[in-house]
Engineer: 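Got a structure here, written out as structure tokens. Questions coming.
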Amino acid sequence: MRILVINAGSSSLKYQLFDMDCGTVLAKGICERIGIDGRVKHQGKTPYEAELPMGNHADAIRAVVGLLTSPETGVIAGMGEIDAIGHRVVHGGELFSESVLIDAAVIRAIEECVPLAPLHNPPNLIGIRACEEVMPGVPQVAVFDTAFHQTMPERAYLYAVPYDYYERLKVRRYGVHGTSHRYVSERAAKILGRTGLKVVTCHMGNGSSVAAVSDGASVDTSMGFTPLEGVPMGTRSGSIDPAVIEYLMKRENLSAAQVLDILNKKSGVLGVSGVSSDFRDLLAAFETNRRARNALELFTYHVKKTVGALAAAMGGCDALVFTAGIGENNPVIRGMVCSGLSFMGLTLDEELNKTAKGESVISTPDSRGKILVIPTNEELVIAEDTRRIAEKSTR
Ligand code: AMP
């Protein structure tokens with residue numbers, strides 16, 4: 001069975017074609033600058049990169065199908081070999097606690113969630129409609145970034161604001177990166193060969209979030225109503241006293257939208273360091289630039305504090321998992337997060353941390369809780385869910 005995984009953004013569209021029978025990725029790539037001019041980078045039989053006019057997402061899907069089937073770059077004989085399509089959809093609100101086969105009712109429900117993710121759900125919907133236009137009749141599945149966190153109990157997802165805002169306006173914590181937290185927590189249980197685990201998962205990349213996963217279910221996470229809540233990130237502030245927003249509006253004569261834009265795009269380690277949102281740049285400046293050091297220390301301090309809080313929420317931590325761009329690749333940052341965590345039974349092995357490659361255990365042999373690095377694979381989760389649901393639908 002061949003599954004095409006699509007992650008549609010406002011002007012970009014990432015894709016991967018999986019052969020689920022062999023468990024391999026046949027081709028992948030990205031279309032960028034859709035609606036502006038158009039560029040495609042494709043890796044498959046042969047790599048291909050070119051300017052390619054793409055007026056809209058349907059043009060981008062047509063370009064992808066062309067690349068997947070052409071004699072030069074193609075890996076399949078024709079469009080008919082794509083058995084199902086899986087879409088990453090950012091926000092499923094309270095309507096979706098798992099992946100679903102897309103039909104008209106599901107599209108309406110994703111539309112209902114647009115006010116909760118005004119920047120993300122509309123391009124996701126455009127991607128779904130573009131696939132329907134170019135490949136009519138091929139089963140499509142939606143995999144939601146919020147779905148995994150729908151198991152959070154009320155005490156974790158409710159804000160302490162008038163309850164009416166929750167009932168009427170759905171103001172609550174949803175959490176994001178669910179597909180990643182789900183994948184790495186499942187892998188941790190498999191690697192450790194145990195069930196019933198209390199796992200804290202640290203997704204540290206462009207955006208960062210920490211989750212508490214107890215026996216396979218998310219019970220709390222650091223991101224909230226939007227991805228702005230929680231630990232500081234590349235350009236996002238993370239949690240902040242909301243009174244700061246009004247203060248900045250008055251003092252700097254800004255609108256609420258302008259302050260939120262600053263908190264989303266000009267804050268985090270970029271805002272503190274004034275150097276970069278990329279952690280590699282901060283590490284390069286660590287010795288010589290006090291603010292770069294401040295930013296790294298602030299980031300790792302908040303991740304550590306959140307790990308402790310989420311372990312307390314579960315009454316323990318059997319495994320701490322690092323994933324995503326920073327978590328998978330940077331031993332220094334992992335070391336800073338883990339320093340001082342021995343009190344709760346998590347002791348890092350310096351050497352294993354330094355040499356970790358791919359899936360690795362990096363705690364000392366006598367550490368009560370295990371510390372792991374697990375590369376995330378959200379596309380594989382989307383492909384597997386799509387296969388399962390599409391097979392059921394055609395049976
Ligand atoms: P992601 O969102 O998972 O793609 O992560 C992207 C981010 O990971 C980049 O913005 C970098 O800040 C960070 N990153 C990638 N490689 C490294 C590395 N070797 N050391 C530190 N940070 C890294």
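When a ligand or atom number is given, it counts from 1 through the structure's own listing order. A quick note: this is a predicted structure, and the numbers were derived from the prediction, not measured.
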Engineer: Measure the distance from atom 22 (N) of ligand 1 to every protein heavy atom, then report the residue, atom name and distance (to 0.1 Å) of the closest one.
Structural biologist: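 Minimum-distance protein heavy atom for atom 22 (N) of ligand 1 reads F279 CB, 3.6 Å.
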Engineer: For atom 3 (O) of ligand 1, find the nearest protein heavy atom and state the residue, atom name and distance (0.1 Å precision).
Structural biologist: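 I find the closest protein heavy atom is G325 N, 2.8 Å.
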Engineer: Regarding R33 and E51, does a basic nitrogen lie under 4.0 Å from an acidic carboxylate oxygen?
Structural biologist: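 Salt bridge flag = no for E51 with R33.
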Engineer: Looking at atom 13 (C) of ligand 1, what's its closest protein heavy atom, distance included?
Structural biologist: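 So the nearest neighbour among protein heavy atoms is I326 CG1, 3.5 Å.
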Engineer: Measure the distance from atom 20 (N) of ligand 1 to every protein heavy atom, then report the residue, atom name and distance (to 0.1 Å) of the closest one.
Structural biologist: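 Minimum-distance protein heavy atom for atom 20 (N) of ligand 1 reads N330 ND2, 2.9 Å.
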Engineer: Please confirm whether A324 comes within less than 3.5 Å of ligand 1 when only nitrogen or oxygen atoms on both sides are compared.
Structural biologist: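 By distance alone, the answer is no.
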Engineer: With atoms numbered from 1 as shown, which atoms in ligand 1 lie under 4.0 angstrom from a non-hydrogen atom of N329?
Structural biologist: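 Numbered from 1, ligand 1 contributes 16 (N), 17 (C), 18 (C), 19 (N).
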Engineer: Atoms of ligand 1 less than 4.0 Å from G205 heavy atoms?
Structural biologist: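 Counting atoms of ligand 1 from 1, those under 4.0 Å from G205 are 1 (P), 2 (O), 3 (O), 5 (O).
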Engineer: In terms of residue, atom name and distance, what is the protein heavy atom nearest to atom 11 (C) of ligand 1?
Structural biologist: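 Looking at atom 11 (C) of ligand 1, the protein heavy atom closest to it is D278 OD1, 3.4 Å.
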Engineer: Taking all non-hydrogen atoms of both residues, which atom of I34 and which atom of S12 are closest, and how far apart?
Structural biologist: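 Taking every non-hydrogen atom into account, CD1-C, 3.7 Å.
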Engineer: Do E379 and Y183 have side-chain N/O donor and acceptor atoms under 3.5 Å apart?
Structural biologist: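 Short answer, no.
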Engineer: Verify whether one side chain among T201 and H181 offers a donor that lies under 3.5 Å from an acceptor in the other.
Structural biologist: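 Note: T201 and H181 side chains meet the donor-acceptor criterion.
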Engineer: Using distance alone, decide if ligand 1 has a nitrogen or oxygen within less than 3.5 Å of any nitrogen or oxygen in L283.
Structural biologist: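 Such a contact does not occur with ligand 1.
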Engineer: Could you go step by step and tell me if L346 and S363 meet the side-chain contact (heavy atoms from CB on, under 4.5 Å) rule?
Structural biologist: CA-CA 7 Å; L346 295 166; S363 44; over 6 Å; no
Engineer: H203 versus ligand 1: do any nitrogen or oxygen atoms come within less than 3.5 Å of each other?
Structural biologist: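 Such a contact does not occur with ligand 1.
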Engineer: Just checking, any donor-acceptor pair under 3.5 angstrom between side chains of S180 and T376?
Structural biologist: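 A pair is found: one side chain offers a donor N or O, the other an acceptor, under 3.5 Å apart.
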Engineer: Under 4.0 Å between a side-chain nitrogen and a carboxylate oxygen: does that hold for E94 and R173?
Structural biologist: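 Judged by the 4.0 Å cut-off on N to carboxylate O distance, E94 and R173 do not form a salt bridge.
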Engineer: Counting only non-hydrogen atoms of the protein, does one fall under 4.0 Å from atom 16 (N) of ligand 1?
Structural biologist: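 Looking at atom 16 (N) of ligand 1, one finds that a protein heavy atom does lie closer than 4.0 Å.
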Engineer: Starting from atom 10 (O) of ligand 1, which protein heavy atom do you reach first, and at what distance in Å?
Structural biologist: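 Looking at atom 10 (O) of ligand 1, the protein heavy atom closest to it is N206 OD1, 2.9 Å.
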Engineer: Could you tell me the separation between the OG1 atom of T69 and the CD atom of E81, rounded to the nearest 0.5 Å?
Structural biologist: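 Those atoms lie 9.5 Å apart.
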